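Written out below as structure tokens is the structure these notes cover.
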Amino acid sequence: MKLKDYLRLGWDQLQRRKVVTALCTVGIAIGSASIMVALGFGESIQHYSQKQMSFYLKTDEITIVDQNSDPNSPSKVTSSKLDLIRTFPHVKSVASFQDLGQFRFTVDDGKESYLDLKATELSTLEDFDSKFQQGEASDQDNNIVLNYGATLGVLDTKTQEVRNKLMQQNPSKEQSETYRQMGAIPYPLYQKQISLKSNSNQEQPGNPSGTNTIQPNEVTVRVVGVLKKPDGLPESMLQGNKAAYVSPETGLKILQAQNKSSTNRPVQYSEVRVKVDSSMNVKQVDEMIKKLQLTTQTNLYQEDRMKGEFAIVRLLLTGVGLFVLFVASISIVVAMTMSTHQRRRQIGIMKVLGANLKQIRNMFIVESSLLGMLGGFVGILLSYWVIWGINLLIIKFDSTNSSDPVEILFISFWILPVGMFFAIMTGVLSGLYPAVKASRTDALTAIKRE
């Protein structure tokens, strides 16, 4: 007998026993779908978590810190070392940050607020997952980029005085909520000129106490960009994050105008961040940076911990799917054994006509394999239906108000053959015992009984 003969006989038997075929198919479909959904769920959650950790915990970044506490001594983090790090393999970008301090700023129409100013290469902001809501980066002099929090709570002096006075007179919960809401109102600062003045009233270093100090000058800069608001965070949580960025050249001019720096003073970096193309290459780049006698920090341990937790979840879900397949295999064994008993006369006639044990055995194995394959196809459809239903629930109950597409579950193509393999193997293994039992049927006894 050829393979097509086995397939034709097997398919004919499945069509004759529609109820049994349907029940066995459902059992295999549920088991294989459980495995595919488990694998897809684990991969989707791991992908989503890695994306979120990469954004919030920056697992694909390395932070270089300068532990030198003496500002007058030379720093270990030098421009030559940073240029060398930029040439390392897997390094996408390197950004240095110089903390310039807290500044009050006045908008050209008289409104005021404050910001925490940092000097960095503005062109690298987008390399470190910062997206622009308005404008773009520009390293030209006297330009500044604000994050979204720096645009909140920009009020004129009179409004601030009235607000503070009301809070002192009636420090109630309702008044505090009104105070907070006023501070969460964004103000349009894009393309406006703002005047910066340091909040620090410290005397110039080197001047004795009581002597006249040079009053710091105001520096006027233009807002050329406003960073996008982080997804899922309300304005009330961003009020305290008022960061602003200028180029290193502009930062030096601002410090000189505030009598805080000189051209001969070495640059002190408060932080250096290195962007790696993948979190898998962070360890390699980190070891290379440490060879330059620099101190680094990473969040790789967080990613390793999450991977271990997701592996456990995936194993548990896969175990549930295998258990369902085991139960389905029992039903197939029972169904095929019953089929063997009901088809004793057919088996006896086939043996009388010259069919050998191998052909009888193969006929039943092919039949159970077709049953497993049918269950596998139904399982694929069922798994996609389950994932589709979960995605609808995620979209319906999503409360982040994100402008980006909602992160949804998915089933990779490599999972489909895995689910089909388990389904077919369940059919094959479940059909072995009935096939062996059918091949051992005595032809004459079977014909006489029927």
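As the structure is a computational prediction, the values presented were derived from the model and not from experiment. All values below come from the heavy atoms of this structure, side chains included, with hydrogens, waters and symmetry mates left out.
Counting only heavy atoms from C-beta outward, the side chains of Glu271 and Thr63 approach each other to under 4.5 Å. In this structure, the side chains of Tyr187 and Leu152 stay at 4.5 Å or more apart for every pair of heavy atoms. Within the 4.5 Å cutoff, the side chain of Phe377 has no heavy atoms near those of the Leu374 side chain. Counting heavy atoms from C-beta outward, Pro188 and Gln134 have side chains that stay 4.5 Å or more apart. Side-chain contact check for Val246 versus Lys253: every heavy-atom pair is 4.5 Å or farther apart. Residues Ile185 and Leu155 have side chains not in contact (no heavy-atom distance under 4.5 Å, counting atoms from C-beta outward). Val272 places none of its side-chain heavy atoms less than 4.5 Å from the side chain of Ile85. Taking the side chain as every heavy atom from C-beta outward, Ile380 and Met420 approach each other to under 4.5 Å.
Counting only distance, with no hydrogens or angles, the side chain of Thr120 and the backbone of Phe97 share no donor-acceptor pair below 3.5 Å. Without hydrogens or angle criteria, Ser44 side chain to Phe41 main chain gives no donor-acceptor distance under 3.5 Å. Side chain of Ser278 to backbone of Asn281: no donor-acceptor contact under 3.5 angstrom is found. At distances below 3.5 Å, not a single donor-acceptor pair connects side-chain atoms of Lys192 with backbone N or O atoms of Val107. Remark: side-chain polar atoms of Asp156 are not paired, donor with acceptor, to backbone N or O of Gly110 under 3.5 angstrom.
Minimum interatomic distance between Ser369 and Val428 (heavy atoms only, all atoms of both residues): OG-CG2, 3.0 Å. Minimum heavy-atom separation, Leu196 to Phe103: CB-CD2, 4.2 Å. Contact detail for Gly149 and Lys242: the closest heavy-atom pair is O-NZ, 3.1 Å. Considering all non-hydrogen atoms of both residues, Ala423 and Gly376 come closest at CB-CA, 3.6 Å. Summarising the geometry of Val154 relative to Phe105, their closest heavy-atom pair is CG2-CZ, 4.0 Å, with the distance given to 0.1 Å. Across all their heavy atoms, Ala150 and Ala243 have their closest contact at CB-O, 3.9 Å.
Under the salt bridge (charged side-chain N to carboxylate O under 4.0 Å, His left out) rule, Asp60 has a single partner from Lys275, Arg273, Lys92, which is Lys275. Of the listed residues (Asp127, Asp277, Thr124), just one forms a side-chain hydrogen bond (donor to acceptor under 3.5 Å, both in side chains) with Ser93, and that residue is Asp127. Among Val77, Val65, Ile64, the single residue meeting the side chain to side chain contact (heavy atoms under 4.5 Å, CB included) criterion with Thr295 is Val65.
Enclosure of atom NZ in Lys283 is not indicated, since only 12 or fewer non-hydrogen atoms of other residues, nucleotides or ligands lie within 6.0 angstrom. With a 6.0 Å radius and a threshold of 12 heavy atoms from other residues, nucleotides or ligands, Gln191 has its CD atom above the threshold. Counting non-hydrogen atoms of neighbouring residues, nucleotides and ligands closer than 6.0 angstrom, the CZ atom of Phe128 exceeds 12 such neighbours.
Note that the CE atom of Met36 and the CD1 atom of Ile415 stand 9.0 Å from one another [nearest 0.5 Å]. Note that CG of Asp116 is 10.5 Å distant from CG of Leu100, once rounded to the nearest 0.5 Å. The structure places OG of Ser383 at 12.5 Å from CD1 of Ile30, a figure rounded to the nearest 0.5 Å. Residue Lys118 holds its NZ atom at 4.5 Å from CG of Asp99, rounded to the nearest 0.5 Å. Atoms OG1 and CG, on Thr151 and Leu146 in that order, are 7.5 Å from each other to the nearest 0.5 Å. The CG atom of Asp141 sits 4.5 Å away from atom OG1 of Thr250, with the distance rounded to the nearest 0.5 Å.
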Practice task
Begin from the C-alpha positions of Phe422 and Ser32 and carry the test side-chain contact (heavy atoms from CB on, under 4.5 Å) through to its verdict.
Solution key: CA-CA 7 Å; Phe422 276 103; Ser32 60; 5.6 Å; no
Practice task
Determine, step by step, whether Val282 and Ile62 satisfy the side-chain contact (heavy atoms from CB on, under 4.5 Å) criterion, reporting the C-alpha distance in whole Å, the side-chain angles of both residues, the deciding distance to 0.1 Å, and the verdict.
Solution key: CA-CA 7 Å; Val282 168; Ile62 301 172; 3.8 Å; yes
Practice task
Please test Lys76 against Leu292 for side-chain contact (heavy atoms from CB on, under 4.5 Å), starting from the C-alpha separation and ending with a verdict.
Solution key: CA-CA 9 Å; Lys76 291 184 178 181; Leu292 299 177; over 6 Å; no
Practice task
Decide yes or no on side-chain contact (heavy atoms from CB on, under 4.5 Å) for Val274 and Phe88, but give the supporting numbers first.
Solution key: CA-CA 11 Å; Val274 180; Phe88 287 171; over 6 Å; no
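Judged by distance alone, the side chains of Asp286 and Thr296 do bring a donor and an acceptor atom under 3.5 Å apart.
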